[in-house]
Amino acid sequence: MTAVAVGGLDSRVVGRERSLLRRLRYVGVPAAVAIACAAMYLYVQSQELDNIESRIINARVIRTAAFEQIEIALWATALTLVVAVPLGIALTRPWARRVTPIIIALANIGQGVPAIGLLFFIYIVLIRNGSTAAILGMAIYAVLPVLRGTMVGLQQVDRGVVKAARGMGMSKRSVLFRVEMPLAVPILLTGVRTALVLTVATAVLAAFIGGGTFGELIIGGQAQGRPLAVAVGSLGAATLAILADWIGGIAEDLLRPKGL
Amino acid sequence: MSTARAASEPMIRLDQLTKHYPGQEAPAVDGIDLAVPQGEIVILVGPSGCGKTTTLEMINRLIEPSSGRIFLEGEDVTHVNPDHLRRRMGYVIQQIGLFPHQTIAQNIATVPRMLGWDDKRVNDRVEELLHLVGLDPARYRDRYPKEMSGGQRQRVGVARAMAADPPVMLMDEPFGATDPITRERLQNEFLRIQEDIRKTIVFVTHDIDEAIKMGDRIVILAEGSRIAQYDTPEAILTNPASEFVEQFLGSGILLKRLNLSRVEDVHVATSEWMTIGPDSTAEHARQLLQQSGRTHLLLLDDQRRPARWIAEIDLDRQGGFPAELSEAGTRVQACVDSRATLNDALQEMLLNANGVAAVVDRDGAYAGTLDLETIIAAIREMRAKALDEASSTAARGVT
Ligand SMILES: Nc1ncnc2c1ncn2[C@@H]1O[C@H](COP(=O)(O)OP(=O)(O)OP(=O)(O)O)[C@@H](O)[C@H]1O
Ligand SMILES: [Mg+2]
């Protein structure tokens, strides 16, 4: 931001530094994660695993847990997008001015409720399937950041730009899709990234209602007094969350319209 | 029948047009009647909040009128599809409003694309418009707005509004956001363009000097968009209709009238000052200077643009080295365009050491000089004419 204020040369230098930093992040994040996982692998290899431990800590269990967690997170994020983006668009239209505060309040409550409570509620009252209930719960939990990202993204679009578009005879529809949405993308994506990380990270809770995920390693290890299993599960969950954030960051850079 | 009507019918006619914003006591625009003749620039000018923007935006129905009617080329457009109506009118807003995520070429192509022009036609038009507003297409067409200066963006905004060659242009303080120098340049350029395109233009400003300079006619508006006077700049300056108008014109009416005459309207001296080309020698320059009996001579560059004012003392100091002629004397600070007003010229003159302004043509080549005497003569002439007119109207009043 401050780069804009300083002269051309300085802003270019800052720009170069920033792109250097970005490249470092592109490579550095997965490298750090890989090192952590490798260290954990070597450590586990060096240990004598007892019966219970080797049942929890093995390649098949870990792979399944990872897939379950990714699956829940992706479905939940997709569901969130399908609901929150159109809702965000609708709430920023002038005709929705009355209901907007009410919906925002509801979304706030959605995120305010403890995630675990929400999951149990859905599981017990609505859906007796662990992973489906988890997907729904995560989606509700993640609606707020995407909704807010969409709304703030649309609201910060320069009124002059919209007025110019209308003044040239663009229909409201094409103003929305050709002008407002592209200009809202950077902020919208920040919301999506938050939602993605949020769902990946909280997906471990699905283990409480039989939805699998790394949560199972954590809960199982805890229940049977095997801290190594808890550590492996935690590292797995953290790895996924960090990678989700990393992918989100790259997507933000790639999808940002040129010229902004 | 239709041709007969076209001849007498103004391009835009507002009939008792009113806007009453909900929840407000008084209407922002209170029953304005206005006829804008074809091919003219009509300026809406008035104090802040008097309803200029509201009036302008009712013409393309960005703001829907509460009552009254709008006619475009004799057709009642008060209730036609507003999107289609707007494609027939170019609109330049004060904030310019270029699309930041689109290139300059894409921005300009907006309306032609909506109208379904093919690629070739769109590209040719973009090229043509960029040339017209003085931007090199090869350099600028693929840039993004943030990579342009404020003045360049203004030009693109104007080009975009003209893209589909609409008969009408609405402009809301189009040059408002620029510094005075850029602003003056944009104004001159725009007047030059208008000479060729002859669009019907409704132009909003709150700057009376801009109004006088740009307008074929001026509408002076008071609170509620009530017309205080609607006339040519000359008539308004000579005969303000009311105290309100007089107050709005402010002090220095005489100086303001300098805005009405352009450099090209007065005598530009072509032989008062000697000129030399860049290939001349200092010796030659000295000879010319002595022959002319003047204090300075003017050095032109290889494109005949005024480069430097050179005095005899400068030549002495150079020791007669011809190679350094281009370094001698003082650089010509600024030149006036032949489209510039006498007011602009006066300013340049006062800045220049020897009290004359170098006049250049469209291409920036030297066209002559203008001095203070010429301006004073022009003022005298104007004053005589105004007195004449005033006495003749007084005489008419008696009989
Ligand atoms: N959307 C709106 N809702 C309510 N009132 C408005 C709205 N737009 C303008 N007004 C009011 O209408 C009046 C005229 O506004 P308008 O924008 O036409 O003024 P203007 O002459 O263009 O002023 P300026 O020179 O400051 O741009 C003002 O009193 C303004 O407060
Ligand atoms: Mg205004």
Side-chain angles (χ1 to χ4, degrees), chain A residues 1-12 14-16 18 93-95 97-98 150 153-190 251-260, chain B residues 53 56-57 59-63 80-115 142-149 153 156-158 160-164 166 169-174 176-177:
Chain A
M1 276 288 110
T2 46
V4 180
V6 284
L9 184 70
D10 289 340
S11 76
R12 236 176 331 200
V14 172
R16 201 180 312 140
R18 213 193 287 138
R93 301 303 98 186
W95 45 259
R97 218 173 303 147
R98 291 251 168 71
T150 310
L154 288 170
Q155 281 158 351
Q156 54 84 46
V157 173
D158 182 357
R159 288 299 96 191
V161 171
V162 174
K163 192 166 162 190
R166 294 289 290 146
M168 281 187 285
M170 286 173 85
S171 65
K172 283 190 177 140
R173 210 187 139 76
S174 62
V175 172
L176 174 64
F177 287 110
R178 309 247 308 273
V179 179
E180 293 182 274
M181 284 306 279
L183 294 178
V185 157
I187 294 180
L188 174 61
L189 282 180
T190 309
E252 270 179 37
D253 290 343
L254 289 182
L255 295 177
R256 170 189 307 269
K258 272 211 261 170
L260 293 190
Chain B
T53 300
L56 190 75
E57 292 187 350
I59 298 176
N60 67 2
R61 302 216 351 252
L62 272 178
I63 295 175
V80 302
N81 178 328
D83 289 339
H84 295 166
L85 175 66
R86 286 175 204 143
R87 289 173 206 172
R88 292 161 66 187
M89 304 183 177
Y91 182 39
V92 185
I93 63 171
Q94 177 170 0
Q95 309 92 311
I96 318 174
L98 296 183
F99 301 149
H101 60 302
Q102 294 187 355
T103 62
I104 299 311
Q106 288 170 330
N107 264 285
I108 296 175
T110 307
V111 179
R113 290 260 180 239
M114 272 192 285
L115 297 175
D142 294 323
R143 288 206 190 178
Y144 286 94
K146 74 164 180 193
E147 297 161 342
M148 310 280 277
S149 74
R153 276 182 235 167
V156 176
V158 172
R160 184 173 69 169
M162 295 196 301
M169 302 255 286
L170 308 178
M171 311 177 88
D172 195 350
E173 308 207 24

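Chain naming here is simple, since letters A, B, ... match the order of the sequence lines and numbering starts at 1 in each.
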Next on the checklist: Under a 4.5 Å cutoff for heavy-atom pairs, which residue among B:Arg143, B:Arg87, B:Arg61 has the most contacts with chain A?
Outcome noted: B:Arg87
Checklist entry - Does a side-chain heavy-atom distance below 4.5 Å link B:Asp83 with A:Arg166? => result yes
Checklist entry - Which answer fits B:Gln94, side chain, backbone, both or neither, if we ask what part of it has an atom under 4.5 Å from a heavy atom of chain A? => result neither
Item to check | Interface moiety of A:Arg178 toward chain B, non-hydrogen atoms closer than 4.5 Å | outcome: backbone
Checklist entry - Quick one: what part of A:Leu183 sits under 4.5 Å from any heavy atom of chain B, side chain, backbone, both or neither? => result side chain
Checklist entry - Taking every heavy-atom pair that is under 4.5 Å apart, which of A:Arg159, A:Lys163, A:Arg256 has the most such pairs with chain B? => result A:Lys163
Checklist entry - Given side chains that start at C-beta, do those of B:Asn107 and B:Pro145 come closer than 4.5 Å, heavy atoms only? => result yes
Item to check | Heavy-atom proximity to chain A below 4.5 Å, by part of B:Leu85 | outcome: neither
Next on the checklist: Is it the case that atom CZ in A:Arg93 sees more than 12 heavy atoms from other parts of the structure closer than 6.0 Å?
Outcome noted: yes
Next on the checklist: For chain B, which candidate among A:Pro257, A:Pro182, A:Gly169 shows the most heavy-atom pairs at distances under 4.5 Å?
Outcome noted: A:Gly169
Next on the checklist: Checking side-chain polar atoms at under 3.5 Å, does B:Asp172 have a donor or acceptor matched by the opposite partner on B:Thr53?
Outcome noted: yes
Checklist entry - Do B:Ile93 and B:Met171 have side chains that get closer than 4.5 Å, going by heavy atoms? => result no
Item to check | Minimal non-hydrogen separation, A:Leu154 against A:Ala184, with atom names | outcome: N-CB, 3.7 Å
Item to check | Between A:Val161, A:Val157, A:Asp158, A:Val179, the one whose heavy-atom pairs under 4.5 Å with chain B are most numerous | outcome: A:Val161
Checklist entry - Do B:Tyr91 and B:Arg86 have side chains that get closer than 4.5 Å, going by heavy atoms? => result no
Item to check | Interchain contact, B:Leu170 with chain A, by part (heavy-atom threshold 4.5 Å) | outcome: neither
